[in-house]
Amino acid sequence: SSWLNHNNLLANVVVDGPAKKIFKDKCPLLRFKKLDEALINCNWILCGTSWGSSFELEAILKARKMGIKTVVFLDHWVNYRERFERNGSIILPDEIWVGDRRAEMIAKKIFKNIPIYLKANPYFDDLYKLINKKNIKKENKSRGILYVCEPIADHALSNYGDTMHWGYTEHTALSYFLRNISLLGLGNKSVTIRPHPSESKHKYGWIKEIEEAKGISIRFGGKKTLLEEIIDSSIIVGCES
């Protein structure tokens, strides 16, 4: 969505899942299409990647069959190879773009036969502008704690067939944090639990029992952007997030 806002190009936009709201908020004038319709009306595709979904890989496969150039932008630093594996097959694009030197280094080690291009990261640029606009003060002791969730058990089950592959899940990790929060020595800090965009807002309802037992002020986030909730916090906590 940031890339589209920075480039004045005609685009056929195909989105699904949590991305729908992001694109509608940031690119309200864009017209959204189904994948097959979009492929008929384009000469190359640019997409991201997913861990659990095959949405982007389906687009790459269909585009390749139609002789359309495919480009993937890796905007993160983990599980590169796994993002292109489905059902024992590896589905790779014609090019990979990255937005920073660390991502470039990782990608070149893993994908030796695919061109890797370092591009300006428009998402980072958008964040810098917002941060400067907010005029953030680094020291604000009144801010609370932000806990950023990730569906760890789903990743473990998908890749290793065991939700406890790493010895913990998102639920046990969050429970451990809340039960030991006093060790931070922060007093009665409020805690904001931000579910992953793919998670139900009711998924962590069980924490109310801990809230009552420990006297912690807990609320659920996700209504603001991640950046806004980070700005409102003094400490950020998470696993794989």
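We're numbering straight along the sequence, starting at 1.
Using a cutoff of 4.0 Å between basic side-chain nitrogens and carboxylate oxygens, Glu170 and Lys203 are scored as salt-bridged. Between Arg64 and Asp94, no side-chain nitrogen of the basic residue sits less than 4.0 Å from a carboxylate oxygen of the acidic one, so the salt-bridge criterion is not met. The pair Lys129-Asp125 fails the salt-bridge criterion, with no side-chain N (NZ, NE, NH1 or NH2) lying under 4.0 Å from an Asp/Glu carboxylate O. Under 4.0 Å is where a charged nitrogen must lie from a carboxylate oxygen, and between Arg101 and Glu104 at least one such pair does.
Taking the side chain as every heavy atom from C-beta outward, His171 and Tyr204 approach each other to under 4.5 Å. Looking at Met66 and Leu39, their side chains come closer than 4.5 Å, going by heavy atoms from C-beta outward. Put simply, the side chain of Phe124 does not reach to within 4.5 Å of the side chain of Ser2, judged on heavy atoms. With a 4.5 Å cut-off on side-chain heavy atoms, Phe111 and Val72 do not count as touching.
The 12-atom threshold is not exceeded at NZ of Lys69, counting heavy atoms of other residues, nucleotides or ligands nearer than 6.0 Å. Other residues, nucleotides and ligands contribute at most 12 non-hydrogen atoms within 6.0 Å of the OH atom of Tyr176.
Contact detail for Pro195 and Gly221: the closest heavy-atom pair is CD-O, 3.8 Å. Nearest heavy atoms, Ala19 versus Val15: CB-CB, 4.3 Å. Nearest heavy-atom pair across Gly99 and Asn121 is O-CB, 3.6 Å.
When only modelled atom types and interatomic distance are considered, Ser50 and Glu56 share a side-chain donor-acceptor pair under 3.5 Å. Side chains of Trp77 and Asp100: a donor-acceptor N/O pair is present below 3.5 angstrom, by distance only.
Here CD1 of Ile235 is found 5.0 Å from CD1 of Ile145. Values are rounded to the nearest 0.5 Å. Going from atom CG of Leu35 over to atom CD of Glu58 covers 5.5 Å, rounded to the nearest 0.5 Å. In this structure, the separation between CD1 on Ile231 and CG on Leu130 is 7.5 Å, given to the nearest 0.5 Å.
When the salt bridge (Lys or Arg N to Asp or Glu O under 4.0 Å) test is applied to Lys224, the partners found at least two apart in sequence or on another chain are Asp232.
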